[in-house]
There are 2 protein chains.
Amino acid sequence: MWAILTAAARPVRIAAMGSRGHAPQAGLRERKKERTRSRIQDHALRLYLKQGYSRTTVEQIAEAADVSQSTFFRYFSTKAETVLYDRFDPVFLEKFGHQPAELAPFDALRRALWEVFEEIEPEALMLEQSRWRLVAEEPELRASLPEGTRQGTAMLANAVAERVGRRPDDLAIRIWVGALVGAIYAAFFAATEDPDGNYLEYIDAAIAQLEAGLPL
Amino acid sequence: MWAILTAAARPVRIAAMGSRGHAPQAGLRERKKERTRSRIQDHALRLYLKQGYSRTTVEQIAEAADVSQSTFFRYFSTKAETVLYDRFDPVFLEKFGHQPAELAPFDALRRALWEVFEEIEPEALMLEQSRWRLVAEEPELRASLPEGTRQGTAMLANAVAERVGRRPDDLAIRIWVGALVGAIYAAFFAATEDPDGNYLEYIDAAIAQLEAGLPL
DNA sequence: TGTGAAAAGAGAGTAACTGTCAGGTTGGGT
DNA sequence: ACCCAACCTGACAGTTACTCTCTTTTCACA
């Protein structure tokens with residue numbers, strides 16, 4: 001699942017975009033911005049799929065979305081972000097946090113993942129997967145992916161720490177989460193190499209192996 | 001230990017640099033190239049430490065090392081590579097491969113790490129650590145680090161697969177290595193946050209936790 | 001000492017970003 | 001209805017990493 005990997009790029013982004021922070025009910029201004037943002041991302045993804053990521057320039061995206069380059073960079077601080085931005089991340093973190101307290105971390109994790117996947121409509125899932133493939137195939141994207149991961153890892157560490165009642169900077173927690181993310185990472189790339197591989201199955205395999213004490 | 005993390009950047013690099021491939025005994029030409037390479041990296045690191053990574057331009061490095069920018073890019077395909085390039089990686093992989101076959105993977109790993117660290121002189125170790133700190137602190141470097149990791153992970157997976165007599169594309173192997181690298185990654189960053197932390201100890205902790213079946 | 005191949009340099013070009021400034025748009029308060 | 005302040009947007013110039021192509025220099029070897 002992507003969530004864990006890229007998670008926290010999002011809150012940072014939103015904060016940086018000058019939303020008022022509190023207002024949960026979006027005003028006209030906010031909604032217009034949201035639309036502009038989606039429009040840019042849509043055009044960007046469409047161009048990437050059509051002519052490849054590196055052969056698409058920001059200028060082209062801006063033109064297609066009918067905004068200036070300045071505006072493009074106001075919405076996405078880098079070109080890569082148009083791909084890496086993941087709207088399911090906060091959903092996952094929320095589900096994870098709301099799993100019953102008596103569940104072991106691995107079970108909570110698994111259930112949260114299932115719930116997120118169940119909610120995604122098949123059509124949206126297809127689009128997501130093409131986005132994932134893009135990330136897996138484009139070196140530049142693969143490269144900028146894990147910086148998001150690092151922050152995401154920190155957030156997940158917080159959630160796990162809370163669940164087991166320990167401090168989030170506890171070394172054991174950090175190592176645990178690091179191993180988890182690394183394993184899922186490996187499973188993710190294995191899944192992208194398998195033409196009709198089911199991402200969720202691969203990730204399940206990773207979780208199961210960790211749960212079993214990492215046998216070889 | 002860095003080795004695992006950045007490993008394979010090196011062979012690629014060397015292959016791309018037009019060395020004859022076979023000749024193990026270096027001729028004058030080869031040695032001159034090696035010197036130029038070191039000279040560039042030395043000046044680069046010195047400038048980074050003095051004025052910061054992002055405030056140092058390739059032009060400045062080239063000038064300081066008395067080469068043209070063209071030449072700079074012939075030796076390092078990106079600016080980040082001047083930092084990420086790790087001469088201990090091949091050493092580590094070799095040591096790991098030569099551990100007695102009856103050792104469990106975790107033990108082989110631990111011993112190989114110790115052997116590498118023992119060989120490094122204290123002075124060189126200090127320099128290495130300042131390099132690591134640079135990587136940990138500079139966002140752009142953190143970002144470009146894991147692409148090297150990915151290739152390094154693949155090489156480590158090969159070594160592990162051979163050791164346990166399985167195919168390197170075995171999913172369990174890939175997950176195992178992924179978890180290992182992820183855990184070490186986490187330990188590494190924890191170590192950089194601890195002013196007088198000993199990297200090796202942190203990494204040892206990660207290995208021990210994995211060995212114990214990843215308890216929480 | 002001459003010669004062919006490899007290395008280095010020169011220079012023009014591309015594209016991702018950054019910073020600034022000026023003009024237009026929006027929304028809350030009167 | 002109007003105005004002010006905050007905000008959004010575009011235009012534009014500049015920086016810098018990186019690429020390509022072409023020419024000149026250096027060096028191994030005969």
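Keep in mind the model is a prediction, meaning the values are calculated, not measured. Convention: sequence-line order gives letters A, B, ...; per-chain numbering from 1.
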Practice prompt. Name the closest nucleotide to the B:Thr78 side chain, picking from C:dC17, D:dC18, C:dA16.
Written response: D:dC18

Worksheet item: Closer to the 5' end of DNA chain C via nearest nucleotide, is it A:Thr56 or B:Ser68?
Response: B:Ser68

Item to complete: Tell me whether the OP1 or OP2 atom of C:dG9 has a side-chain N or O from B:Thr71 closer than 4.0 Å.
Response: yes

Discussion item. If you compare every side-chain N and O of B:Tyr75 against the phosphate oxygens of C:dA7 (OP1, OP2), does one of them come in below 4.0 Å?
Written reply: no

Discussion item. Under 3.5 Å, is there any donor-acceptor pair linking the side chain of B:Ser70 to the base of C:dA10?
Written reply: yes

[atom1] of [X] versus [atom2] of [N]: gap in Å, rounded?
| X | N | atom1 | atom2 | answer |
| --- | --- | --- | --- | --- |
| B:Asp66 | C:dG9 | CG | P | 8 Å |
| A:Lys79 | D:dA17 | NZ | P | 18 Å |
| B:Gln69 | D:dT21 | CD | P | 18 Å |
| B:Arg74 | D:dA17 | CZ | C1' | 16 Å |
| A:Phe73 | C:dT20 | CZ | P | 17 Å |
| A:Glu59 | D:dG10 | CD | P | 14 Å |
| B:Lys33 | D:dT25 | NZ | P | 21 Å |
| B:Ile61 | D:dC18 | CD1 | P | 10 Å |

Worksheet item: Under the side-chain contact (heavy atoms from CB on, under 4.5 Å) test, which residues partner B:Glu59, sequence neighbours left out?
Response: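 side-chain contact (heavy atoms from CB on, under 4.5 Å) check on B:Glu59 returns B:Thr57, B:Gln69.
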
Worksheet item: Would you call B:Glu193 and A:Arg174 a salt bridge, using N to O less than 4.0 angstrom?
Response: yes

Worksheet entry | B:Lys79 to B:Phe73 six-membered ring, cation-pi geometry met (6.0 Å, 45°) | no

Practice prompt. Return yes if some donor-acceptor pair links the side-chain N/O of B:Lys33 with the main-chain N/O of B:Tyr75 below 3.5 Å, else return no.
Written response: no

